[in-house]
Number of protein chains: 2
Amino acid sequence: MGAVRGTEVEQFCDYLNRRGLKLTSQRMRIAETVFSAHRHFTSEELYTLVRRREPLVGRVTVYRTLEHLVRSGMVEELSIVKGVSTYEHTAGHVHHDHLVCDSCGRVEEFHSDPLEHAKRRAAEERGWRPDRHLLKIQGLCPDCLARAGSAGPKA
Amino acid sequence: MGAVRGTEVEQFCDYLNRRGLKLTSQRMRIAETVFSAHRHFTSEELYTLVRRREPLVGRVTVYRTLEHLVRSGMVEELSIVKGVSTYEHTAGHVHHDHLVCDSCGRVEEFHSDPLEHAKRRAAEERGWRPDRHLLKIQGLCPDCLARAGSAGPKA
DNA sequence: CTGCATGCAAATTATTTGCATTGAA
DNA sequence: TTCAATGCAAATAATTTGCATGCAG
């Protein structure tokens, strides 16, 4: 089945074991691909990436494995593009949020401690136990802002 | 075309005029329905609501009008349910975020000034000009938390 | 062995598009 | 009048499901 590289894939194996799910070569290959991705991806993109290495993996298996990965808490679903599910792995790095440019579509990731703190407090003050969250801030990126500034205010 | 009730529908009419778009009875009826909704809704739900009053409105027109409403800034799109676009009108009330329960699916709206402030700062510190944002916090609602507590920790 | 996992193909769901007709300006 | 808006039906796009076969445990 090839070397299981990195702790993240192993963690996912643990998750599968704990749930009594099977360690198949497809699941391993998909997990490897997910954890070696450095950016967010859609199901279809992941499917393409996985197939480069293992053309025998079916699209359906990618969808199903993605569900397990999300349930395991190691991958989360974003809502960056309308109508398509976008994912990214969270294992091994702190939570981050997204800035999306209305003009050029650029996506920038960021992390802010005060913001994390405010989110947690807001939920807890209302009696909730926050688990994960999704923050997308839309607006203009520095470049488009500069361009808009030099060309006069937009609209 | 019936009385245009409320300022919000009028604002939308202004928007249409400014863009050289036409004020049709369908658009009015859809806008009225949107602005009298007190909760978020999906395209399909809106379509159903609109048809109660005006069975002659087509689904496609609802989708297209919703686009205009979003462009006008009076309605925003949420990502509460996977795979379906959810909307709510923002005109006339302060921005709010959403708490979504992983267990029962309940959605609670909330507003937090410190959080709004932290969001704005985080974007501006990075050179962006934030326009709107979307925050969804997932976790357990007070009820499910109590239930989980009395039944022992989940998982 | 035994049953869960896979993957094809078909089904579903949400949304978009082509185009003839209608109606606002 | 004149062209954009409408709405049907068909087309797409993303994702899910049914089911026979394969493989991990």
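Within every chain, numbering begins at 1; the chains are lettered A, B, ... in the order of the sequence lines, protein sequences first and strands thereafter.
Residue A:Gln26 has no polar side-chain atom (N or O) positioned under 4.0 Å from OP1 or OP2 of D:dC23. Regarding contacts with the backbone of C:dC4, every side-chain N or O of A:Thr24 stays at 4.0 angstrom or more from both OP1 and OP2.
Under the rule for a side-chain hydrogen bond (donor to acceptor under 3.5 Å, both in side chains), A:His40 has no partner lying at least two apart in sequence or in another chain. Shown here are the salt bridge (Lys or Arg N to Asp or Glu O under 4.0 Å) partners of B:Asp14, two or more places apart in sequence or in another chain: there are none. Under the salt bridge (Lys or Arg N to Asp or Glu O under 4.0 Å) criterion, A:Arg59 pairs with A:Glu44, not counting sequence neighbours.
Proximity of B:Thr33 to B:Arg53: side-chain heavy atoms (C-beta onward) are nowhere separated by under 4.5 Å.
Comparing B:His68 and B:Lys82 against DNA chain D, the residue whose closest nucleotide sits nearer the 5' end is B:His68. For the pair B:Asn17 and B:Glu67, both in contact range of DNA chain C, the more 5′-proximal nearest nucleotide belongs to B:Glu67.
Rounded to the nearest 0.5 angstrom, B:Phe41 CZ and B:Tyr47 OH are separated by 16.0 Å.
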Provide a list of protein-nucleic acid N or O atom pairs under 3.5 angstrom, restricted to nucleotides 8-14 of chain D.
none

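Of the residues listed (A:Glu108, A:Glu116, A:Glu88, A:His111), the one engaging A:His96 in a side-chain hydrogen bond (donor to acceptor under 3.5 Å, both in side chains) is A:Glu88, and it is the only one.
Axis angle across the helix from C:dC1-D:dG25 to C:dA25-D:dT1, with five pairs used at each end and values rounded to 10°: 40°.
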For residues 70-79 of chain A, tabulate all N or O donor-acceptor pairs below 3.5 Å that involve a side-chain atom, not counting sequence neighbours.
unit_1	atom_1	unit_2	atom_2	d
A:Arg71	NH1	A:His68	ND1	3.2
A:Arg71	NH2	A:Glu67	OE1	3.0
A:Ser72	OG	A:Leu69	O	2.7
A:Ser72	OG	A:Met74	N	3.2
A:Glu76	OE1	A:Arg132	NH1	2.7
A:Glu77	OE2	A:Ser85	OG	3.1

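With rounding to whole Å, A:Glu54 atom CD is found 13 Å from C:dT6 atom C1'.
One hydrophobic cluster, built from ILVMFWY side chains closer than 4.5 Å, cannot hold both B:Val100 and B:Ile137; they sit in different ones.
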